[in-house]
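The structure presented is a predicted model; accordingly, all values stated were derived computationally and were not measured. Chain A is the first sequence line, chain B the second, and so forth, proteins listed ahead of strands; every chain is numbered from 1.
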Amino acid sequence: MAEHATLWRPRGAWADTARPGRHGRREGPPGLIVTPREGLALASVTAVDGAEARLAEAIEARFGLSLPEPGGAHLSGEAGLVWSGPDQWLALGGARGDLDGLGAALRGAAAVADQSDGRAVLRLTGPDARRVLEKGVAVDLHPRAFGPGRTAVTAIAHIGVQIWQRDDRPTYDLAVARSFAGSLWTWLEAAAAEFGCEVRASA
Amino acid sequence: MRIRCPSCGERDNGEFSYLGDAAPLRPDGMEASAEAMHDYVYLRDNRAGEMRELWYHGAGCRAWLVVTRDTRTHAIREVQPARDVAKARATTPAGSASHA
Amino acid sequence: MRYSLFSVLSQALRGQRDWKPQWRDAAPKPDYDVVIVGGGGHGLATAYYLAKEHGLTNIAVLEKSHIGSGNVGRNTTIVRSNYGLPGNIPFYEQSMKLWEGLEQDINYNAMVSQRGVLNLYHTDAQRDGYARRGNAMRMAGIDAELLDREGVRALVPFIDFDNARFPVKGGLLQRRGGTVRHDAVAWGYARAASERGVDIVQNCAVTGIRRENGRVTGLETSRGFIGAKKVGLSVAGSSSLLAAMVDMRLPIESHVLQAFVSEGVKPLIDGVVTFGAGHFYVSQSDKGGLVFGGDIDGYNSYASRGNLHTIEDVMEGGMALWPGLGRLRLLRHWGGIMDMSMDGSPIIDRTEIGGLYLNAGWCYGGFKATPAAGFCFAHTIARDAPHPNSAAYRLDRFATGHLIDEKGMGAQPNLH
Amino acid sequence: MLDRRPNFAPSPAEGGGLVGSQPFRTAAGGLIDRRRARDFTFDGRRLSGFHGDTLASALLANGVRLVGRSFKYHRPRGILSAGSEEPNALVELRSGARREPNTRATMAELYEGLEATSQNRWPSLAVDALSVNALLSPVFAAGFYYKTFMWPAAFWEALYEPLIRRAAGLGRAADAPDPDTYEHIHAHCDVLVIGGGPAGLSAALAAGRSGARVILVDEDFSLGGRLLAERREIDGLSGPEWVEQAVAELKNLPEVRCLSRTTLFGVYDHGAYGAVERVSDHLGVPPAHTPRQRLWRIVARRAVLAAGAIERPHVFGGNDRPGVMLAGAVRTYLNRYGVLPGHSPAVFTSSDDGWRTVADIAAAGGRVAAVVDSRSEVPVALRRMAESAGAQVVAGGQVIGTRGHLALSGIAVRDSYGGTLHIPCDTLAMANGWNPVVHLDSHLSRRPVWSEDIHGFVPGTLPSGMVAAGAASGRLTLSEALESGARLGAEAAESCDFTATAPATPRTDPESTAHTPLWRVAKPKGKAFVDFQNDVAASDVELAHREGFRAVEHLKRYTTLGMATDQGKTSNLAGLSIMAELTGQPIPAVGTTVFRPPFTPVAIGAFAGHHRAKEFRATRHVPSHAWATENNVQFLETGLWLRPAYFPRAGETDWLQTVIREVETVRSKVGLCDVSTFGKIDIQGRDALAFIERVCANPFGTLKVGRSRYALLLREDGFVLDDGTVSRLSETHFIMTASTANAARVMQHLEFCRQWLWPELDVQMSSVSEQWAQYAVAGPRARDVLKRIVDPGFDLSNEAFPFLGAAEITVGGGIPARLFRISFSGELAYEIAVPAAYGDAAWRAIMGAGLPYGICPYGAEALSVMRIEKGHAAGAEINGQTTARDLALGGMLAKKKDYVGRLMKERPALTDPDRPILVGVRPVDPSQRLRAGAHFLAVGAEPSLAADEGTMTSVAYSPSLGHWIGLGLIRRGHERHGERVRAYDPVRGGDVEVEICNAAFVDPAGERMHG
């Protein structure tokens, strides 16, 4: 009997690190605003060779979105698909469980593996968000080279990350393998210190 | 050095790891000879000049790539997804692709 | 002129007027008994020992540029014999013993400086690996000490013991290890060989290897055909290119390794220290520059320059080991072409072609091997049989499985 | 002797009276801010300068000429230049943990409280004991040390070398960890402009106006280059005014980034550049949240090299005496800093632009002692101008020697008739033409080419995408700089698909660069230095020639020419020209040295950036990390992971005691261990099983859904790569695990197999290592504990879920989980995987559920003890040097399928029965301790390589047996059970007699895990 069921609460990937409040420079408005994104649904979707058309149809049916081309992120609110490698995408849902049944829906067209807890996600915005990221990301994030609907799989401070831009304020989502969240945060806090950084409560 | 990953665009070579010459092909199957396997595993042309070589975009999209690069100048002429190259190879008659 | 305190002082009084070229810049003769291709440390040492140990005098060393212009002039100058496998141990110890007597032997101060080589460990597993290696050394009569953390602190108190990502737990110390003034090795062997009659031919590039009936007969060169009864290849990163001239494919890839030197400063560090949790090793030259290095760039290259990624990797290792380095400045970095073999160990052997011998596959360990490589290669060439100390360095070991893989990385030369 | 003070003595009204303490400061002029005084110290002496000064200009303003001592002879040295080429004026800046040795006084910006100390002298700069070396200089010729110090051999390390080491070096490094921070930044642009002088500014403007993304870098703290240093006119504006206008426009262009205090130090392949920005070096201490320096990694589609040129010194006797300076530097100090370095300056020139120095001094109201022009023809206008400044003009003359103790007091000049004149002077300005800065374009192994027009090297074939403008390209006049900069800047933007036009070239005042180089002065009086910092004299070049060191690289290495911290910026060509003369060749035939990065030395901390101390590498945390830290865990480093090693309880005094208790608890009750660090690879597809068959050496054909199996992976060379398990969740869905250390390597290997070897297989793979928290629940009561964890409906009985079962289940009321009945400890054991966010909750729930059964957490140490008790090979045995047979796993190798490593493992040496094979060992005397790394020898054998029979790979104290046990690889070990050998461990003083035995010490039949 699972008598401890009431105690089974998920623990956020950023619980020990991205503490709400002001970090770095205190004066003036913060250059970077960080919101930990806990409780999302994430899944890797890997296309079966030759079934790409069926996959695209199934994705269209479920998400109302087309399958992104390499480097693309097709989002609709918190849901969507982010390209993450040849024939591979990261499916997003706004809440844990939102992607339940995706594997069955895509059976024969793609392999699906739950990654909801495998990746820890931060939302970054604010006037200096790009300047902060420039300190770690070797990819050109200038509006002429990158923008809303674009994604990059790369590294920050030797840590593998995936970034997708949501809007041109700009707002970025940054995903990192869960066990690295602490080290990634240490880097982010240092990189943002000169601009001032505000962490908001997890959303 | 910068390598233009076909999917991710141009990236610093630090995102990639290197395997080596893409020319030797694994002698597959139970009929393969130990001698052929020895040559595949150990012997290299080690060319000074243009060479097709295998790189892995480990810090990016995790694709294996065939990079055509000049080992004297580092000039890169072409980068292809290794899987595409391998699939094309699989459809060509046996043997004709070795040391291409 | 023999070098001595007397000759130095008397020339000081004579305005240094009477010094002669340290070696003859010879024009090639039509025929030699032995031609060594490659005027680096190994090639020059081979010629010297052929003359000294085997009484051969009709020898030439061919160098495509000027002597000592390859890896002997661009390494981090470390010498040591702290190997762990039986195939390597006697060879590198012979080399160390030759270093110890080198200056008297060749009458040239190459500044062999035995100030110790310390390899740090950061985990219990690394400690046990070093114990395994140190024990093998001790069984072969080589000095090795396993230090704990306090033992390391006594030697290098300035490294990071307090705030390190991978705390130092101890180290393996070979006190007889150290450094040697690299250029002087090439020049000293050149001078000693030249005095014994060896022709050192510079600006002479080999363009072909002539064979008849399965035997070499000589070399096509940029300075014409040069006949040779025996040819020894000792060309490091160019080994595959020379082998290709006789349709041989070698278990070798050429890779670039970068080396670094800082601005000169007053003495900071006595011996050589190798970081165990990243790619970094450091010593200080007599001129005061810290000399350091790390891992190879990791891709086949014949271009002797490296890229930023590796430079950062090395400096990160340096800062992690020794946080006081931060404000010291990197003065220069450069690259050399390494002949990386498939098991990380060298080849000193005959080939299938009569009279053609190969000395190659030194990865980035070639400098410390210079005297023994010369000695054993000379033996192999003169006797047409391997020297007992290099007997494991056979070309066919990849087929037989007698690999000498100290790191256990397998057939991936960029990981050795 | 000229004793008249120039008429620009300071007026107390200006500069708050501080100028009074700066006797060489002009009354007005320069780009310094005279309202902002800056106090500083040099060797403890309190001095004052102004905001906008460099340390060098402030020292000169105060009349400080002796600044340092040379490397070998400890000769007194002053300030030669006004830029980054400075070889002499090197100081220790700051102190303590912030001490920066070898800092160029010419590049150090003056700040309030700056502290500088001269170096390489003892006891003081003026009285240096080692200046005795100068007297011995006839002995200390190039390469003398190769010829001596050889006797007796033992004296080298004991005596000679320590003396040499102490004498060498220059400054002293900081004596504590660097307290400042560094950071990296990645930048991308269309056009990178290197150098902010007239050519660079023009290029940036032309490119920037087109809308292209432009980055302009300059090492100076003010943009403008030589326009700040010369009295020039552009379209009616003074140089500084034109610069101000250009910079203002650039700053208004949104896509242009101007970086001053930023040195472009390296050019790398494919348009990658390295630059370092000295963010806070002009301040005493970096402000809060601000790094000391910032390393820029710039990727540029095009680059315009506009790095200018460096003036050449003359090579004559005593040319190193403090007071001998480059003519351009004299003009810089005068025009930019308002400092005339001497009261009675002289000029030695071989070019028309040297005469500008005379004109500038005269314009400032100064007097010139003499002008010596090595050319016999001197334009009349120039001569008149000089004479009106009071100068004695010697046409066709050469300075052959200098006088003075610690500073210049006069020069000896050979006139065109061969007579010698002695002219008193306190400063000598040398003008011998300019060398374009070709360093950066040679970083990619390109060699510069000789230009007869400027008698110097100019860029040859430039790296792809790079062009050179202005003086860096050999175009030495201002109008050429403006024209070429604008044109090439526009072209660079055009080639990036922008529409750009070069503006009309502005009008400039006339100038002449006529020049006849004087490579060296014949028959100098005294040592004529070529490389000032390394004390290489012309006679050393001659010696190198005499001894056969004639190739450029030989010359450089034998004499150390060009190898000092300035990398020969002022010396290389002089050395080449002398060798050319000696060998009777033209200069380009002697060769060129290949300049190596960095352009100027770069702090090591800047390269490391964020990655130092604890942030050297990332730290990975396990899902139970929070609980573990609350519960007194001791961690263990495994790669990047922090793994719980053991959990000491109150009263336990050493780790072994704790580990014994943990093992005993698992063996008798139940324990919980975080094994999440293993790699977990999700493999799906129609051909997933076929794929697994090819990558694993043991057979999988019979693996049923709902079952797990041990998996052995080989490398293609036949050695063991890794081991783990494969579990079959459905017909087409598998989970493979890999060891913690090899997880990434195995994933890369599998991707290689899938993408490159067998792309035709229908296989989809993804790493799910991070998704699942995975815990081992092990011990006789494991099932009882798990019954309270898994949701109702799942039957845990041995019959329903036997050893090696695998199932997808739920826990905690519907949370998806995976359950595997696999055992590393040899006990009844399960591994349960839950989504990582529930890892913390699951851990706490299992600990709670286990409380009645006496559960304890156990760490990697206890895990290791138990696997050794079971004789399982792990990292110490799977070390890349062992085969499956070596590990006694030969029996499981598949015979009827092809797989990676199949053929190569059959090579003769790898199937040699004499190879060491895995066995267990135990001490004959059970009280003795074993140590991994010991070698095995026959009892009674003398230690030697020949007697070596193998090594001890892993050891543990076995609580189950009550003594130490070990695993080892020993020759023919499988045939030798019961035999005794020595475990010899001289590095730790160990020598223990051991008995060879079965590696499975505990429950060899494996009954417990099946129960």
Is it the side chain or the backbone of [X] that comes within 4.5 Å of chain D heavy atoms, both, or neither?
{"X": "C/F292", "result": "side chain"}
{"X": "C/L5", "result": "both"}
{"X": "C/L85", "result": "side chain"}
{"X": "C/T123", "result": "side chain"}
{"X": "C/F158", "result": "neither"}
{"X": "C/Q284", "result": "both"}
{"X": "C/S285", "result": "backbone"}
{"X": "C/N107", "result": "both"}
{"X": "C/W187", "result": "side chain"}
{"X": "C/L415", "result": "side chain"}
{"X": "C/A136", "result": "both"}
{"X": "C/A399", "result": "backbone"}

Is it the side chain or the backbone of [X] that comes within 4.5 Å of chain C heavy atoms, both, or neither?
{"X": "D/R931", "result": "neither"}
{"X": "D/T619", "result": "both"}
{"X": "D/T103", "result": "both"}
{"X": "D/A97", "result": "backbone"}
{"X": "D/E553", "result": "both"}

Side chains of C/T310 and C/D297: is there a donor and an acceptor less than 3.5 Å apart?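 Indeed, the side chains of C/T310 and C/D297 share at least one donor-acceptor pair under 3.5 Å.
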Do you see a donor-acceptor pair shorter than 3.5 Å between the side chains of D/H935 and D/D948?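 Present: a donor and an acceptor within the cut-off.
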Under a 4.5 Å heavy-atom cutoff, which of C/G134, C/P323, C/A320, C/G288 has the most pairs with chain D?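 Option with the top pair count is C/P323.
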Considering only heavy atoms and a distance below 4.5 Å, find which of C/L268, C/D25, C/V112 pairs most often with chain D.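 Winner by heavy-atom pair count: C/V112.
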Less than 4.0 angstrom from a charged side-chain N to a carboxylate O is my criterion; do [X] and [Y] meet it?
{"X": "C/R127", "Y": "C/D124", "answer": "yes"}
{"X": "D/K905", "Y": "D/E716", "answer": "no"}
{"X": "D/R292", "Y": "D/E100", "answer": "yes"}

Evaluate C/R132 against C/D128 for salt bridge (charged side-chain N to carboxylate O under 4.0 Å, His left out), listing each step before the verdict. CA-CA 6 Å; C/R132 174 183 169 185; C/D128 293 343; over 6 Å; no
Would you mind listing every salt bridge (charged side-chain N to carboxylate O under 4.0 Å, His left out) that reaches into residues 105-115 of chain C, with sequence neighbours excluded?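 Every salt bridge (charged side-chain N to carboxylate O under 4.0 Å, His left out) pair that includes a residue of residues 105-115 of chain C, provided the two are not neighbours, is C/K52-C/D105, C/R115-D/E161.
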Can you confirm if the aromatic rings of D/F595 and C/W334 lie within a centre distance of less than 6.0 Å?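 For C/W334 and D/F595, the ring centres are not under 6.0 Å apart.
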Centroid separation under 6.0 Å, is that true for the rings of C/Y3 and D/Y145?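 Centroid distance D/Y145-C/Y3: not below 6.0 Å, so no.
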Donor-acceptor contacts under 3.5 Å from residues 605-613 of chain D side chains, at least two apart:
unit_1, atom_1, unit_2, atom_2, d
D/H611, ND1, D/E615, O, 3.1
D/R612, NH1, D/D180, O, 2.6
D/R612, NH2, D/D178, O, 2.6

